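Since the structure comes first, as structure tokens, the remarks are kept for the end.
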Amino acid sequence: MTSSISPPESRFSFLPPDAPPDAASTPALGKTARSPKPVSRVTDGQGPQPALDARPRSGTPVPPEGVDRPARTPAPPANARFTGLPQLADVASGAQVLGPGSQGEGLRAVQAALLDMGFALHGGADGRHGPHTTRALRNFQVHASRTIRAVLPTGVLDAATLRALDALAPAPGTRGQTRGLPSAFFDGQQVRVVVALREHRTFLFDTRGQLVDIFPNATGAAASPTRTGLKVVRTKLDQLATEAAGARLWNDRHVFGVRMLDLSWADGRHSGEELHGTNAPALLGTDVSHGCVRHSNEAVRVLHDALSVGDRVAVVEHVDDPHLGVPRPVA
């Protein structure tokens, strides 16, 4: 599969193994069609629901009869990932939403896009809307809602969420995101990694500040949150050392996966947090750790190989964190 991804201001290809979007930069994607009556829709793969009660099981209900809608017909998706799929054309028009229990080729295309954008979706793109799809959609909606206000973190695919995916997802056969990515600078200092806690994604940059890949993560639980700020890689542990640490600390050789990068604060203080792998990949995309940032074992191998001791890691709540931005002039 060819990989491509966009820097903050221009698109570029993945290396071998961007500023956040604003509403003005989002392509015009049309408005909702006027309709005198609610229409039937499919929400769970079991056929049309009666027009008498046409509201979807989850998501925003269709406006009741007699409530005016905008007059122009919404444009169908433009990204080639989503074109030619009647199920998604119905979502774009507002005729249906896809919530738990839904299934179909349109949903499969959405799942594939979420995976290529670095959102956790355990089990892959199977065309069925289960709890892992709800989680992946909600994490994407948390991200998109920062700049596209109509998007709400519901975990269902509605017209606003599909418009956001249409604008942000990469072309078919590529990974990454067209825009809305974090800067590789934190308070003017270049970083190699940005961990976005609320959307559960980790962004890896090369030494030139260009994005290499995006990985799903799991972060600290409410009682033991991952702390935000600027950190550095203090120690790198290979598989043998990582498994020994797991056995020593948790009596489980596999709890930290196959690699670990121990972090300290940028001022040298020990943080007690790490980037590491996991033996529970189904929990990626959630707040579940004791403060560390978990990744799949495949992803943590890439991070371990790419990073060096002393490399900076920025931990933020959202990719539009005010600490992230262009480098400051050097005096």
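Keep in mind that this is a model prediction, so the values were computed, not measured. Along the sequence shown, the residues carry numbers beginning at 1.
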Query raised in the report: Does the Thr178 side chain pair with the main chain of Ala167, one donor and one acceptor, at a distance under 3.5 Å?
Result: yes

Query raised in the report: With distance as the sole criterion, is a donor-acceptor pair present between the side chains of Asp90 and Ser93 under 3.5 Å?
Result: no

**Report entry** Partner residues of Arg259 under the side chain to side chain donor-acceptor pair (under 3.5 Å) criterion, sequence neighbours left out
**Finding:** none

Report task. Test Leu261 against Arg234 for side-chain contact (heavy atoms from CB on, under 4.5 Å), laying out the working first. Result -> CA-CA 7 Å; Leu261 296 103; Arg234 187 177 77 160; over 6 Å; no

Requested in this report: Please tell me if the side chains of Val319 and His143 come closer than 4.5 Å, counting only heavy atoms from C-beta onward.
Outcome: yes

Query - From Leu211, Val195, Val191, residue fulfilling side-chain contact (heavy atoms from CB on, under 4.5 Å) relative to Phe203 - result: Leu211

Report summary line: Rounding to 0.5 Å, atoms CG (Asp158) and CG (Leu152) come to a distance of 7.5 Å

Report summary line: Distance col, row Glu199:CD vs Ile214:CD1, nearest 0.5 angstrom, shows 8.5 Å

Requested in this report: Taking only Lys NZ, Arg NE, NH1 and NH2, and the carboxylate oxygens of Asp or Glu, determine whether Asp287 and Arg198 approach each other closer than 4.0 Å.
Outcome: yes

Query raised in the report: So do the side chains of Leu98 and Gln87 get within less than 4.5 Å of each other, counting heavy atoms only?
Result: yes

Query raised in the report: Is the shortest heavy-atom distance from the side chain of Val194 to the side chain of Thr202 under 4.5 Å?
Result: no

Query raised in the report: Do Thr161 and Leu137 touch side chain to side chain, with heavy atoms closer than 4.5 Å?
Result: yes

Query raised in the report: Looking at residues at least two apart in the chain, or sitting in another chain, which of them share a salt bridge (Lys or Arg N to Asp or Glu O under 4.0 Å) with Arg269?
Result: Asp267

Query - Euclidean distance, Ser289 OG relative to Arg294 CZ, rounded to 0.5 Å - result: 5.5 Å

Query raised in the report: Same hydrophobic cluster for Val316 and Leu230, using side-chain heavy-atom links shorter than 4.5 Å among ILVMFWY?
Result: yes

Query raised in the report: If you measure from CG on Leu237 to CZ on Phe256, what distance do you get to the nearest 0.5 Å?
Result: 9.5 Å

Query raised in the report: What are the two closest non-hydrogen atoms of Pro100 and Val156, and how far apart are they?
Result: CD-CG1, 4.1 Å

Query raised in the report: Under the 3.5 angstrom rule, does the side chain of Gln111 hit a backbone N or O of Gly106 as a donor-acceptor pair?
Result: no

Query raised in the report: For Val255 and Gly246, which heavy atoms make the closest approach, and how far apart are they?
Result: CG1-CA, 3.7 Å

Query raised in the report: Going through the distances and angles, do Leu121 and Thr133 end up as a side-chain contact (heavy atoms from CB on, under 4.5 Å)?
Result: CA-CA 6 Å; Leu121 184 53; Thr133 298; 3.6 Å; yes

Query raised in the report: Between the side chains of Thr228 and Glu317, does any donor sit under 3.5 Å from an acceptor?
Result: no

**Report entry** Glu274 side-chain N/O to Leu263 backbone N/O, donor-acceptor pair under 3.5 Å
**Finding:** no

Query raised in the report: Taking all non-hydrogen atoms of both residues, which atom of Gly176 and which atom of Pro170 are closest, and how far apart?
Result: O-CD, 3.4 Å

Requested in this report: Check the pair Glu298, Val302 against side-chain contact (heavy atoms from CB on, under 4.5 Å), reporting the backbone distance first and the verdict last.
Outcome: CA-CA 7 Å; Glu298 295 79 9; Val302 176; over 6 Å; no

Report task. Find out whether Val258 and Thr242 are in side-chain contact, i.e. whether some heavy atom of one side chain is under 4.5 Å from a heavy atom of the other. Result -> no

**Report entry** Note, Met117 side chain near Arg201 side chain (heavy atom, < 4.5 Å)
**Finding:** yes

Query raised in the report: Considering all heavy atoms of both residues, which atom of Ala160 and which atom of Ala150 are nearest to each other, and what is their separation?
Result: CB-O, 3.6 Å

Report task. Would you kindly confirm whether Val212 and Leu307 end up in one hydrophobic cluster when ILVMFWY residues are joined by side chain heavy atoms under 4.5 Å apart? Result -> yes

Requested in this report: Determine, step by step, whether Ser308 and Val233 satisfy the side-chain contact (heavy atoms from CB on, under 4.5 Å) criterion, reporting the C-alpha distance in whole Å, the side-chain angles of both residues, the deciding distance to 0.1 Å, and the verdict.
Outcome: CA-CA 7 Å; Ser308 301; Val233 177; over 6 Å; no

Query raised in the report: Among pairs that include at least one residue of residues 88-134, which meet ring pair (Phe, Tyr, Trp, His ring centres under 6.0 Å), considering only residues two or more places apart or in two chains?
Result: Phe119-Phe140, His122-His132

Requested in this report: Check whether the side chains of Arg312 and Gln190 place a donor and an acceptor atom closer than 3.5 Å, and report yes or no.
Outcome: no

Report task. Give the minimum heavy-atom separation between Val142 and Ser145, together with the two atoms involved. Result -> O-OG, 3.0 Å

Report summary line: One should read off an interatomic distance between Leu204 CG and Phe215 CZ, to the nearest 0.5 angstrom, of 5.5 Å

Report task. Enumerate the residue pairs fulfilling side-chain hydrogen bond (donor to acceptor under 3.5 Å, both in side chains) with a member in residues 275-285, sequence neighbours excluded, ordered by first and then second residue. Result -> Asp252-Asn279

Query raised in the report: Does any N or O in the side chain of Lys236 come within less than 3.5 Å of the main-chain N or O of Asp305, such that one atom is a donor and the other an acceptor?
Result: no

**Report entry** All ring-ring contact (aromatic ring centres under 6.0 Å, His included) counterparts of Phe186, not counting sequence neighbours
**Finding:** His323

**Report entry** Salt-bridge criterion met for Asp206 and Arg192 (N-O under 4.0 Å)
**Finding:** no

Requested in this report: Check the hydrophobic clustering (I, L, V, M, F, W, Y; side-chain heavy atoms under 4.5 Å; chains of links allowed) and say if Leu197 and Leu303 are grouped together.
Outcome: yes

**Report entry** Expected output: side-chain His200 to main-chain Pro216 donor-acceptor under 3.5 Å
**Finding:** no

Query raised in the report: Arg253 and Gln239: side-chain donor and acceptor closer than 3.5 Å?
Result: no

Query - Side-chain heavy-atom pair Leu157, Val97 within 4.5 angstrom cut-off - result: no

Report task. Just grab all the ring pair (Phe, Tyr, Trp, His ring centres under 6.0 Å) pairs involving residues 290-314, residues at least two apart or on different chains. Result -> Trp250-His290

Requested in this report: Measure from the side-chain N and O atoms of Arg135 to the backbone N and O of Leu284, and report whether any donor-acceptor pair falls under 3.5 Å.
Outcome: yes

Query raised in the report: Side chains of Glu243 and Met260: closer than 4.5 Å at any heavy-atom pair?
Result: no

**Report entry** Reported OG-to-CG distance for the pair Ser183 and Asp321, which is rounded to 0.5 angstrom
**Finding:** 10.5 Å

Report task. For Pro182 and Leu324, work out which heavy atoms get closest and say how close. Result -> CB-CD1, 3.9 Å

Report task. Among Leu88, Asn79, Leu114, Val151, find the one that has a side-chain contact (heavy atoms from CB on, under 4.5 Å) with Leu165. Result -> Leu114

Query raised in the report: Would you say Gln141's side chain and Gly155's backbone share a donor-acceptor pair under 3.5 angstrom?
Result: yes

